[in-house]
Protein chains: 2
Amino acid sequence: MTRPLATKTVVEAVTDDLRGRILSGSLTSETAVTELEIATSYSVARPTAKAAIEKLVGENLLVRGTHKSARVAELGPESVRDIYLARAYLESEILRRLAATHTVPEEAVRANADILALAGAGDLALVEPDMRFHTALVDAVGNERIARMYRSLVSEVRLCMTRVQALHLLDSAAIHAEHELILVQLAAGDAEGAAATLDGHLAAARERLAEALGT
Amino acid sequence: MTRPLATKTVVEAVTDDLRGRILSGSLTSETAVTELEIATSYSVARPTAKAAIEKLVGENLLVRGTHKSARVAELGPESVRDIYLARAYLESEILRRLAATHTVPEEAVRANADILALAGAGDLALVEPDMRFHTALVDAVGNERIARMYRSLVSEVRLCMTRVQALHLLDSAAIHAEHELILVQLAAGDAEGAAATLDGHLAAARERLAEALGT
DNA sequence: CGTAAATTAATTGTCTGACAAGTATACTCA
DNA sequence: TGAGTATACTTGTCAGACAATTAATTTACG
């Protein structure tokens, strides 16, 4: 069996780099993303730039109307609440099912340990292990489509977080403690408890983020 | 406020028609979908056909590797189980939340009535109101991203169903009864009961569909 | 006769260049 | 100052072409 090596087409390369720029916050909704600008800055043809933009529109990271320039999706408080509520719907049910089989994903344990290790490394550094913790839970159910759906949400969540990276929204100790509680409840098979803890965990983050983005 | 009138670009028109042909089953995974064939049959340029194909790939209705022709996504038993399990994850949590507020969506009630009305109209006719029932429940939570995720699953479910339309997999009376029970449990605020009923409802459909598609 | 290598055909990836169509802005004239 | 027109900018679509890769067919050799 030959391993499928990661060869990237030009469109994919541009898409990935653009996505990185969006998620890192160096591309904001203030500046328009025109096809010509992308094409010239990457030295590719316009159809190539167009394809990359349309891919990101499909991922809901960019928005654009017909004959209008694409822009980074602006995420107001209502979008943040929508995203986090969607997360809560997905993840609380996931926890119920994991608790039913007393499953405690190893990757989630490692990710939570990393949160403690990075305690004083700045707020932005906490985002990655936090995301990894939740992603590990989702992946543990082994459902391809659930994982796909969650990925699309995660992109938007990261988009939010870069906007408020300067604010001290994340308290590493509190996050670690709540995650730990969830893991304990999973091991104990306490489905309702785990779901409730997660709801609280996400609700707190949601409201703080929504408030920070509020006009 | 000007109403956004539904003008379709050529790419959208081709995409919509192609999607219809896929969901109706007139395009199967046996025949390859080449860019040139689409371009000539619709009398559009190849880049236009390419864009339409890539849109449908983004919707997981078509699959294709680099430098290979696109094909309708083949859905074996494992895909069916994956899809239905994802549905169960989403919908059972949705029912819990709807039950918490004793919400009984009117559209779901109407859809379930239609299932009875179409009792003897052939199996394929039952798919539409069945889908409408579940979609109504999802839409009732008022979450844009949840709705988006569910839509992508529904497309794949319909893709499955067209493959087994000849089999008598759906018993309208049983479906109606289970739906009715869910609505009653929602009204009573019985979250666990509604979730359990749904799980059974989806599990039965899933196994019958998976078995029918089994090699 | 069967297997492996080489050639050929088919398909997609990407580019250049162009024109049409729509949007938004700026400008002119009343 | 306000309204209508004119202009620049951007996207939608097309045509044509070449490169790169995959798959199939043919050929050569054991």
Side-chain angles (χ1 to χ4, degrees), chain A residues 1-22 27-74, chain B residues 1-22 27-74:
Chain A
M1 158 155 182
T2 73
R3 219 182 273 214
L5 53 107
T7 158
K8 285 200 293 190
T9 72
V10 177
V11 175
E12 283 172 44
V14 173
T15 305
D16 289 347
D17 193 83
L18 257 184
R19 178 172 30 235
R21 284 171 61 190
I22 295 172
L27 224 63
T28 71
S29 61
E30 259 105 56
T31 65
V33 180
T34 73
E35 297 181 356
L36 193 64
E37 192 205 9
I38 300 300
T40 56
S41 69
Y42 286 101
S43 289
V44 295
R46 191 162 72 90
T48 305
K50 181 190 189 65
I53 289 176
E54 274 165 359
K55 265 197 165 189
L56 293 173
V57 169
E59 295 178 21
N60 301 115
L61 287 179
L62 292 178
V63 290
R64 108 164 130 171
T66 49
H67 290 108
K68 282 198 282 192
S69 300
R71 294 193 112 82
V72 176
E74 54 165 312
Chain B
M1 158 158 183
T2 72
R3 221 181 269 212
L5 54 109
T7 158
K8 285 201 291 191
T9 73
V10 176
V11 175
E12 283 173 45
V14 173
T15 304
D16 289 348
D17 193 82
L18 258 183
R19 177 168 36 231
R21 283 171 61 190
I22 294 172
L27 223 65
T28 72
S29 61
E30 259 105 57
T31 64
V33 180
T34 74
E35 298 180 355
L36 194 63
E37 192 205 9
I38 299 301
T40 55
S41 70
Y42 285 101
S43 287
V44 295
R46 190 162 74 90
T48 305
K50 182 190 189 64
I53 289 175
E54 275 166 359
K55 265 197 163 187
L56 293 173
V57 169
E59 295 179 20
N60 299 306
L61 288 179
L62 292 178
V63 290
R64 106 164 132 173
T66 48
H67 289 108
K68 283 196 283 191
S69 300
R71 292 193 114 82
V72 176
E74 55 164 312

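Chain naming here is simple, since letters A, B, ... match the order of the sequence lines and numbering starts at 1 in each. None of these values were measured; they are calculated from a predicted model.
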Between C:dT12 (P) and B:H67 (NE2): distance, integer Å: 10 Å
Check A:R64 with A:E54, please: is the shortest side-chain N to carboxylate O separation under 4.0 Å? yes
Using a 4.0 Å heavy-atom cut-off, does A:V33 contact any base of the nucleic acid, only the sugar-phosphate backbone, or nothing at all? sugar-phosphate
Answer yes when B:E59 and B:R19 have at least one side-chain N-carboxylate O distance shorter than 4.0 Å, and no when they do not. yes
Could you check whether any side-chain heavy atom of B:V57 comes within less than 4.5 Å of a side-chain heavy atom of B:V63, counting everything from C-beta outward? no
Does a side-chain N or O from B:K50 land closer than 4.0 Å to OP1 or OP2 of C:dG13, or not? yes
Only one of B:L56, B:L61, B:L62 clears side-chain contact (heavy atoms from CB on, under 4.5 Å) with B:V72; which? B:L62
Using a cut-off of strictly less than 4.0 Å, decide whether A:R64 has a side-chain nitrogen or oxygen near OP1 or OP2 of D:dG12. yes
Hey, is the side chain of A:T66 poking within less than 4.0 Å of OP1 or OP2 on C:dT23, counting only N and O atoms? no
Starting at OH of B:Y42 and ending at C1' of D:dT13, how long is that distance when rounded to a whole Å? 18 Å
At under 4.0 Å, does any side-chain N or O of B:S69 touch on OP1 or OP2 of C:dT12? yes
Would you mind reading off the distance between B:L36 atom CG and C:dT12 atom P, rounded to a whole angstrom? 8 Å
Rounded to whole Å, please give me the gap between CD in B:E12 and P in D:dT11. 16 Å
Report the distance from atom CD of B:E54 to atom C1' of C:dT12, rounded to the nearest whole Å. 10 Å
Ranking D:dT22, D:dT11, D:dT13 by distance to the side chain of B:K68, first place goes to D:dT22
Quick check: on DNA chain C, is the nucleotide nearest A:A45 upstream (toward 5') of the one nearest B:T34, or the reverse? Name the residue that is more 5'. B:T34
On the side chain of A:R46, is there an atom forming a donor-acceptor pair with the base of D:dG12 - under 3.5 Å, no angle test? yes
Main-chain N/O of A:V44 paired with A:T48 side-chain donor or acceptor, under 3.5 Å: no
How many whole angstroms separate atom CD1 of B:I38 from atom C1' of C:dT12? 14 Å
